[in-house]
K.L.:
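Quick one: the structure is below, questions incoming.
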Amino acid sequence: EVQLVESGGGLVQVGGSLTLSCAASGASGFTFDEYSFGWFRQAPGKEREGVSFIDPRDGDRAYSNSVKGRFTISSDNAKMTVYLQMNNLRPEDTAVYYCATVFSNPPSLHQHDYDYWGQGTQVTVSS
């Protein structure tokens, strides 16, 4: 079993920045860099969408078109934490942001490829 805890959400004005964190933990033997991680978001009345992913083993990462150039994903393997730096935020970025992970498989932007999810953190961008 893997536990993910997101933090860093909040209220920010248009053009502002936030950094989300996703701290991972697991039972004895849990090895952070054997897992791939993704960030997803869900706005009210909309489906959950993939925002970004990272493979801590080799640093492979990708972004959705809606955030490319504004968001940056990174990982600190020693701290077993994945980050999402969000710059130049827009009202349409308002959503609950979720961290997800899957063992061994390559990362993707598809939610059904992930097995473990955090509880989510709210990001609200005001205009």
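As a basis for the values below, the full set of heavy atoms in this structure was taken, side chains included, without hydrogen atoms, waters or symmetry mates.
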K.L.:
Apart from Leu11 itself, what residues make up its hydrophobic cluster when side-chain heavy atoms of I, L, V, M, F, W and Y under 4.5 Å apart count as a link, directly or indirectly?
P.N.:
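Via sub-4.5 Å side-chain contacts, Leu11 links to none.
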
K.L.:
As an exercise, state the distance from OG1 of Thr72 to CG of Leu84, rounded to the nearest 0.5 Å.
P.N.:
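Rounded to the nearest 0.5 Å, the OG1-CG separation comes to 8.0 Å.
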
K.L.:
Should we say atom CD of Glu92 is surrounded by more than 12 heavy atoms from elsewhere, each under 6.0 Å from it?
P.N.:
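Atom CD in Glu92 is packed in, count exceeds 12.
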
K.L.:
With sequence neighbours left out, which residue pairs that include part of residues 52-127 fulfil the disulfide bond (SG atoms under 2.5 Å apart) condition?
P.N.:
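Non-adjacent pairs meeting disulfide bond (SG atoms under 2.5 Å apart): Cys22-Cys99.
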
K.L.:
Under the 4.5 Å side-chain heavy-atom rule for ILVMFWY, direct or indirect, which residues accompany Val5?
P.N.:
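Same cluster as Val5: nobody, lone residue.
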
K.L.:
According to disulfide bond (SG atoms under 2.5 Å apart), does anything in residues 50-84 pair up with another residue at least two apart or in another chain? List the pairs.
P.N.:
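Listed once each, the pairs would be none.
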
K.L.:
When you measure from the side chain of Arg70 to the backbone N and O of Lys68, does any donor-acceptor pair fall under 3.5 Å?
P.N.:
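Looks like no, no N/O pair under 3.5 Å.
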
K.L.:
In Å and rounded to the nearest 0.5 Å, what is the CD to OG distance from Gln85 to Ser17?
P.N.:
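Output value for this atom pair is 5.5 Å.
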
K.L.:
Let me check something: any side-chain donor-acceptor pairs from residues 119-127 under 3.5 Å, sequence neighbours excluded? List them with distances.
P.N.:
from: Gln119; atom 1: NE2; to: Glu6; atom 2: O; distance (Å): 3.3
from: Thr121; atom 1: OG1; to: Gly9; atom 2: N; distance (Å): 3.2
from: Gln122; atom 1: NE2; to: Ala95; atom 2: O; distance (Å): 3.4
from: Gln122; atom 1: NE2; to: Thr124; atom 2: OG1; distance (Å): 3.3

K.L.:
Which pair of heavy atoms, one from Glu34 and one from Arg57, lies closest together, and at what distance?
P.N.:
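Shortest heavy-atom separation between Glu34 and Arg57 comes out as O-NH1, 3.8 Å.
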
K.L.:
Do Phe30 and Tyr35 have their ring centres less than 6.0 Å from each other?
P.N.:
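Ring centres of Tyr35 and Phe30 closer than 6.0 Å.
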
K.L.:
Apart from Tyr114 itself, what residues make up its hydrophobic cluster, given side-chain heavy atom links below 4.5 Å?
P.N.:
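Traced through the cluster, Tyr114 reaches Phe40, Phe53, Val96, Tyr98, Val102, Leu109, Trp117.
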
